[in-house]
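Atoms within each ligand, like the ligands themselves, are counted from 1 in listed order.
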Amino acid sequence: MEHIYVSGPSITEKEIKYVTDAVTNAWYGNANIFNKRFEEAFAAYHGMKFAVALPSCTAAIHLALLALDVHEGDEVIVPELTWIASSAPISYVGATPIFADVDAKTWCLSAESFEQCITPRTKAVITVDLYGNIPDMDAIRTIAKQHGIAIIEDAAEAVGASYKGCKAGSLGDIGVFSFHGSKTLTTGEGGMLITNDDALYERVVLYRDHGRRPGDKMFWNHEVGYKYKMSSLQAALGLAQLERIDELVERKREIFSHYAAQLSGVSGITLNYEASDTKNAYWMVTAILDSDFGLDKEMLSVAMAKRNIDTRPFFYPLSSIPAYSDTPEAQGTIDRNPVSYRISPYGINLPCGMDMTEEKIKYVCDSLKECLNLQ
Ligand SMILES: *Cc1c(COP(=O)(O)O)cnc(C)c1O
């Protein structure tokens with residue numbers, strides 16, 4: 001079998017046409033047309049007032065925290081199991097990340113753990129739509145409202161997912177997305193921030209462009225800000241991908257359903273969960289192994305690599321990795337966040353790029369069963 005990659009996009013003639021159009025025509029008076037079209041279409045798809053195109057989701061979270069005036073002395077709650085991009089911007093603004101546990105089923109922020117982590121210093125929570133799933137947002141929103149805590153929804157992995165009929169990213173005060181090459185909708189590198197709040201939007205565009213307000217006198221900056229803009233070539237690629245969003249999400253769901261057909265009857269393997277009120281976008285097909293197999297994610301990854309199959313380990317608990325493990329906020333988390341510490345060692349992401357065929361999926365599943373001595 002040829003080499004099987006974990007993730008990768010679907011690029012068609014449409015994407016090539018739009019990017020060619022941008023590189024040919026999006027200059028002079030037209031320099032901004034693709035950014036404008038991409039932002040407007042993205043906002044409309046999510047039923048939101050504002051969308052701001054950015055160079056990455058990391059930049060989007062940074063701007064979200066700045067817009068919410070999160071600063072030194074504040075605490076921001078974030079789930080243990082996520083990519084460090086969800087939490088790193090908390091340090092950029094001088095605030096402290098507080099690591100909360102995840103729910104055993106959804107693998108997303110546990111509402112109970114979130115509530116237990118709240119202190120008088122808590123300013124915001126960053127919920128993460130892990131691997132395309134969505135946490136119990138009704139419970140999280142009720143708790144956040146009681147305590148006056150702002151919600152940033154990190155929907156980097158969940159474009160096209162929905163919860164009770166609302167799109168991922170539209171469930172908090174600010175939603176953020178990533179268009180990294182591994183994500184369902186890609187611009188190579190890129191991100192987006194969405195919100196319905198006029199005041200937050202104004203602060204986001206101010207900090208995105210070196211402290212300038214749209215329409216300001218030239219070179220008359222109000223504050224020291226950042227330079228977080230998306231290029232028109234990326235916006236053209238993103239627009240083409242967005243016009244295919246239903247197809248892309250359907251493809252992800254189809255890939256998952258092939259895996260489920262092969263693996264759901266196998267005892268000791270748990271795949272991504274989908275609640276009845278949620279549409280999971282299945283960015284990453286993920287399997288949690290029973291510890292009785294005696295194989296952790298790293299051993300399994302080596303065994304799969306021998307069969308030409310790339311995998312990724314489930315995220316390590318943030319409080320366990322060197323970037324945080326020595327900080328005061330990372331102490332005591334093994335006891336406080338037992339679900340994260342129990343799931344992570346036995347979780348593995350399986351190949352689910354847009355190029356996966358039914359035949360390749362069968363090969364991956366057969367190989368997995370072999371590695372677990374099930375065949
Ligand atoms: C990919 C990802 C990000 C970061 O996106 P970038 O565009 O690379 O900055 C943030 N959060 C989560 C959950 C992600 O998976």
Side-chain angles (χ1 to χ4, degrees), residues 6-9 38 42 51-66 76-93 97 99-100 102-103 106-109 124-135 137 151-161 168-169 171-172 174-194 204 208 226-231 234-235 237-238 241-242 248-249 252 272 280-286 312-318 321 323-324 340 343-344 347 349 352-353:
V6 166
S7 200
F38 185 32
F42 201 85
V52 183
L54 300 166
S56 69
C57 180
T58 308
I61 298 173
H62 187 190
L63 289 176
L65 293 167
L66 289 166
V76 179
I77 295 169
V78 63
E80 284 272 15
L81 298 184
T82 181
W83 171 227
I84 195 170
S86 304
S87 62
I90 300 168
S91 305
Y92 302 171
V93 299
F99 306 111
V102 301
D103 175 81
T106 64
W107 308 333
C108 298
L109 179 66
V125 58
I126 300 175
T127 65
V128 179
D129 298 333
L130 200 75
Y131 302 143
N133 204 1
I134 297 178
M137 287 305 284
I151 300 176
I152 299 169
E153 183 188 359
D154 181 349
E157 304 181 355
V159 70
L171 299 160
I174 290 178
V176 295
F177 296 85
S178 171
F179 308 133
H180 177 261
S182 68
K183 301 285 163 50
T184 301
L185 185 166
T186 190
T187 61
E189 295 280 0
M192 192 75 87
L193 182 153
I194 61 176
V204 166
R208 160 173 76 159
Y226 298 84
K227 176 65 193 293
Y228 283 158
K229 287 190 148 185
M230 176 181 271
S231 77
Q234 291 168 300
L237 180 50
Q241 291 261 285
L242 183 62
L248 297 177
V249 175
K252 281 290 188 183
N272 313 53
N280 194 323
Y282 295 121
W283 171 59
M284 274 280 158
V285 176
T286 302
R312 284 185 186 178
F314 203 114
F315 293 117
Y316 297 87
L318 288 173
I321 59 177
Y324 292 113
S340 302
I343 289 177
S344 170
N349 301 138
C352 49

Between Thr58 and Tyr92, do the side chains contain an N or O donor and an N or O acceptor separated by less than 3.5 Å? no

Taking the side chain as everything from C-beta on, heavy atoms only, tell me whether Trp283 gets closer than 4.5 Å to Ser182. yes

Tell me which protein heavy atom sits closest to atom 9 (O) of ligand 1, plus the residue, atom name and distance to 0.1 Å. Thr58 OG1, 2.5 Å

Do any nitrogen or oxygen atoms of Phe315 come within less than 3.5 Å of a nitrogen or oxygen of ligand 1? no

At what distance is the nearest protein heavy atom to atom 15 (O) of ligand 1, and which residue and atom is it? Glu157 OE2, 2.4 Å

Going by the atom numbers of ligand 1, which of them fall below 4.0 Å from some non-hydrogen atom of Ala156? 2 (C), 3 (C), 10 (C), 11 (N), 12 (C), 14 (C)

Residue pair Met230 / Leu54, side-chain heavy-atom distance below 4.5 Å: no

Just which atoms of ligand 1 are under 4.0 Å from any heavy atom in Gly190? 7 (O)

I need the nearest protein heavy-atom contact for atom 8 (O) of ligand 1: residue, atom name and distance, please. Ser178 OG, 4.0 Å

Ring centres under 6.0 Å, that's the criterion: do Tyr324 and Tyr316 meet it? no

Indicate yes or no: at least one non-hydrogen side-chain atom of Asp129 is less than 4.5 angstrom from one of Glu157. no

What residue and atom, counting heavy atoms only, is the protein's closest point to atom 1 (C) of ligand 1, and at what distance? Lys183 NZ, 1.6 Å

Indicate yes or no: at least one non-hydrogen side-chain atom of Tyr282 is less than 4.5 angstrom from one of Asn272. yes

Check: Thr82 N/O within less than 3.5 Å of ligand 1 N/O: no

Per-atom filter on ligand 1: closer than 4.0 angstrom to a heavy atom of Ala85 are 3 (C), 4 (C), 10 (C)

Check if Pro55 has a non-hydrogen atom at a distance under 4.0 Å from any atom of ligand 1. no

Using a strict 4.0 Å cut-off to heavy atoms of Ser86, name the atoms of ligand 1 that fall inside it. 11 (N), 13 (C)

Quick one: pull up CH2 in Trp107 and CG in Leu81 and give me the separation to the nearest 0.5 Å. 10.5 Å

Under a 4.5 Å cut-off applied to non-hydrogen side-chain atoms, are Trp83 and Val128 in contact? no

Under 3.5 Å between some N or O of ligand 1 and some N or O of Asp154? yes

